[in-house]
Amino acid sequence: MNEKHHATWEKLLREAVEKPGKLLAAYTAFHNYSFGNALLALEQCIRRNLQPGPLNTYRGWLERKRHIRKGETGITLCMPMPFKRTVSNEITEEESIYSQTRYAFRFRAYWFVLAQTEGEETCVEPIPCFELDTALENLRIQRVTFDQISGNVQGFARQRDIAINPLAALPHKTTFHEIAHIVLGHTTSETLVDSDHTPRHLCEVEAESVALICCETLGLEGAEFCRGYIQHWLKTETEISNKSAARIFAAATSILKAGTSTVGSE
């Protein structure tokens, strides 16, 4: 990439901090299940030979324009069931009786994973002037099946594998974000010296900054949501450090070059 591109990218990073952004509603679209319920759902998926994936109720899937396949039985989770109980107040001199809400936990088969549903599949358009499969091959990164129970998770990166939620709101942005985690070394299995370890919030800022640069360079949507995500993880910090910026530029350059021979060839 030439100096012209880097100057534009520096502006993007400044705007990522200074210009208003938005957080995707998709991060909170699904219920957040407890660790115990997530394990319970995963165990049932494995036992019933179901592909683990986003979990929702019958009504929840209908709201997302998907319906449950005929003959499918629900996933059983433990849920709180409220009930009223009459309690007498023995502390005060005057005896009083009032109603109090209590909870009992029951197992109910009200949930279904994505693999049990049918509906219109999300069509991910190819990226103009960029070959994603070629980029992944050149970067030695593989795509694997998304197996997270939480539908709020848009994607993940493990070692040199990435997986994108089939229901991801912005699949291209998420793909570049997960690729960036790997290129930046955030998923390496090597033991890192404590002083060299990048804190979680900076990992997210760096990966999303790379996604922002890739999306803007390739003319893809999602810039305002990149800014919102970056600002969320920066928290009280007011700028992206020069050290992080250098890592971001290097990663973005590697990814863009891996998928195209035209970007930056001027």
For this session: Sort and list the pairs that fulfil salt bridge (charged side-chain N to carboxylate O under 4.0 Å, His left out) and have at least one residue in residues 132-155, not counting sequence neighbours.
Result: Asp133-Arg143, Asp147-Arg158
Problem set entry | Residue pair Ile240 / Val205, side-chain heavy-atom distance below 4.5 Å | yes
For this session: Would you sort out whether His232 and Leu23 count as a side-chain contact (heavy atoms from CB on, under 4.5 Å), showing the intermediate values?
Result: CA-CA 8 Å; His232 170 77; Leu23 274 177; 4.1 Å; yes
For this session: Can you see which heavy atom on Asn152 is nearest to which on Ala26, and at what distance?
Result: OD1-O, 3.5 Å
Problem set entry | Of all pairs that satisfy salt bridge (charged side-chain N to carboxylate O under 4.0 Å, His left out), the ones with a partner from residues 170-180, not counting sequence neighbours | Lys173-Glu208
Problem set entry | Transitive ILVMFWY cluster of Leu202, excluding itself - 4.5 Å side-chain cut-off | none
For this session: Not counting sequence neighbours, which residues clear ring-ring contact (aromatic ring centres under 6.0 Å, His included) with His186? List them please.
Result: His181
Exercise. Does Tyr58 sit in a hydrophobic cluster with other residues, and if so which ones, taking ILVMFWY side chains as linked at heavy-atom separations under 4.5 Å, directly or through other members?
Worked result: Phe30, Trp61, Leu62, Ile68, Phe112, Leu114, Leu167
Exercise. Would you say Trp9 and Leu212 make side-chain contact, with heavy atoms under 4.5 Å?
Worked result: no
For this session: Sequence neighbours left out, what passes side chain to side chain donor-acceptor pair (under 3.5 Å) with Arg160? Give chain and number order.
Result: none
Seminar exercise, completed: Only residue of His67, Arg66, Arg69 satisfying side-chain hydrogen bond (donor to acceptor under 3.5 Å, both in side chains) with Thr117 is Arg66
Table please: side-chain donor-acceptor pairs of residues 221-231 below 3.5 Å, with sequence neighbours left out.
from   : atom 1 : to     : atom 2 : distance (Å)
Arg227 : NE     : Pro20  : O      : 3.1
Arg227 : NH2    : Pro20  : O      : 3.3
Tyr229 : OH     : Glu204 : OE1    : 2.5
Tyr229 : OH     : Trp233 : NE1    : 3.4
Gln231 : NE2    : Ala16  : O      : 2.9
Gln231 : NE2    : Lys19  : O      : 2.6

Exercise. Hey, does Leu136 have a side-chain heavy atom less than 4.5 Å from the side chain of Ile179?
Worked result: yes
Exercise. Taking all non-hydrogen atoms of both residues, which atom of Val210 and which atom of Ala251 are closest, and how far apart?
Worked result: CG2-CB, 3.9 Å
Problem set entry | Residues, nucleotides or ligands: over 12 heavy atoms within 6.0 Å of Glu118 CD | yes
Seminar exercise, completed: Members sharing Ile164's hydrophobic cluster, built from side-chain contacts under 4.5 Å between Ile, Leu, Val, Met, Phe, Trp and Tyr, are none
Exercise. Asn165 versus Phe156: any side-chain heavy-atom pair under 4.5 Å?
Worked result: no
For this session: Check the pair Thr260, Glu131 against side-chain contact (heavy atoms from CB on, under 4.5 Å), reporting the backbone distance first and the verdict last.
Result: CA-CA 6 Å; Thr260 180; Glu131 292 293 336; over 6 Å; no
Exercise. Same hydrophobic cluster for Val153 and Leu24, using side-chain heavy-atom links shorter than 4.5 Å among ILVMFWY?
Worked result: no
Problem set entry | Glu239: partners by side-chain contact (heavy atoms from CB on, under 4.5 Å), with sequence neighbours left out | none
Seminar exercise, completed: Result for side chain to side chain contact (heavy atoms under 4.5 Å, CB included) between Thr175 and one of Val124, Ile162, Ile255, Leu170 points to Ile162
Seminar exercise, completed: By ring-ring contact (aromatic ring centres under 6.0 Å, His included), His31 pairs with (sequence neighbours left out) Tyr33
Exercise. Side-chain donor-acceptor pair under 3.5 Å between Glu206 and Ser244, yes or no?
Worked result: yes
For this session: Work out which heavy atom in Ser254 is nearest to a heavy atom in Val183; give both atom names and the distance.
Result: CB-CG1, 4.3 Å
Exercise. Less than 4.5 Å apart, any side-chain heavy atom of Pro54 and any of Phe146?
Worked result: yes
All N/O donor-acceptor pairs, side-chain side in residues 34-44, below 3.5 Å, sequence neighbours left out:
from  : atom 1 : to    : atom 2 : distance (Å)
Ser34 : OG     : Asn37 : N      : 3.1
Asn37 : OD1    : Cys78 : N      : 3.0
Asn37 : ND2    : Cys78 : O      : 3.0
Glu43 : OE1    : Arg47 : NH2    : 3.4
Glu43 : OE2    : Arg47 : NE     : 2.9
Gln44 : OE1    : Thr76 : N      : 2.9
Gln44 : NE2    : Leu40 : O      : 3.1
Gln44 : NE2    : Thr76 : O      : 2.7

For this session: Would you sort out whether Thr73 and Arg48 count as a side-chain contact (heavy atoms from CB on, under 4.5 Å), showing the intermediate values?
Result: CA-CA 10 Å; Thr73 56; Arg48 293 164 55 180; 2.8 Å; yes
Exercise. Do Ile75 and Leu50 come within less than 4.5 Å of each other through their side chains, counting heavy atoms only?
Worked result: yes
Problem set entry | Distance in Å, Phe130 CZ paired with Thr217 OG1, rounded so as to fall on 0.5 Å steps | 10.5 Å
Problem set entry | Spatial distance of atom CD1 (Ile213) from atom CG (Leu218) [nearest 0.5 Å] | 11.5 Å
Exercise. Is the closest side-chain heavy-atom distance between Leu184 and Cys203 below 4.5 Å?
Worked result: no
Exercise. Linking I/L/V/M/F/W/Y whenever their side-chain heavy atoms sit closer than 4.5 Å, directly or via other members, would Leu234 and Tyr27 fall into one cluster?
Worked result: yes
For this session: Show which residues join Tyr103 in its hydrophobic cluster (side-chain heavy-atom contacts under 4.5 Å, direct or indirect), or state none.
Result: none
For this session: Using modelled atom types only, decide if a donor and an acceptor are shared between the side chain of Thr187 and the backbone of Gln159 within a distance under 3.5 Å.
Result: yes
Exercise. Side chains of Met79 and Leu77: closer than 4.5 Å at any heavy-atom pair?
Worked result: no
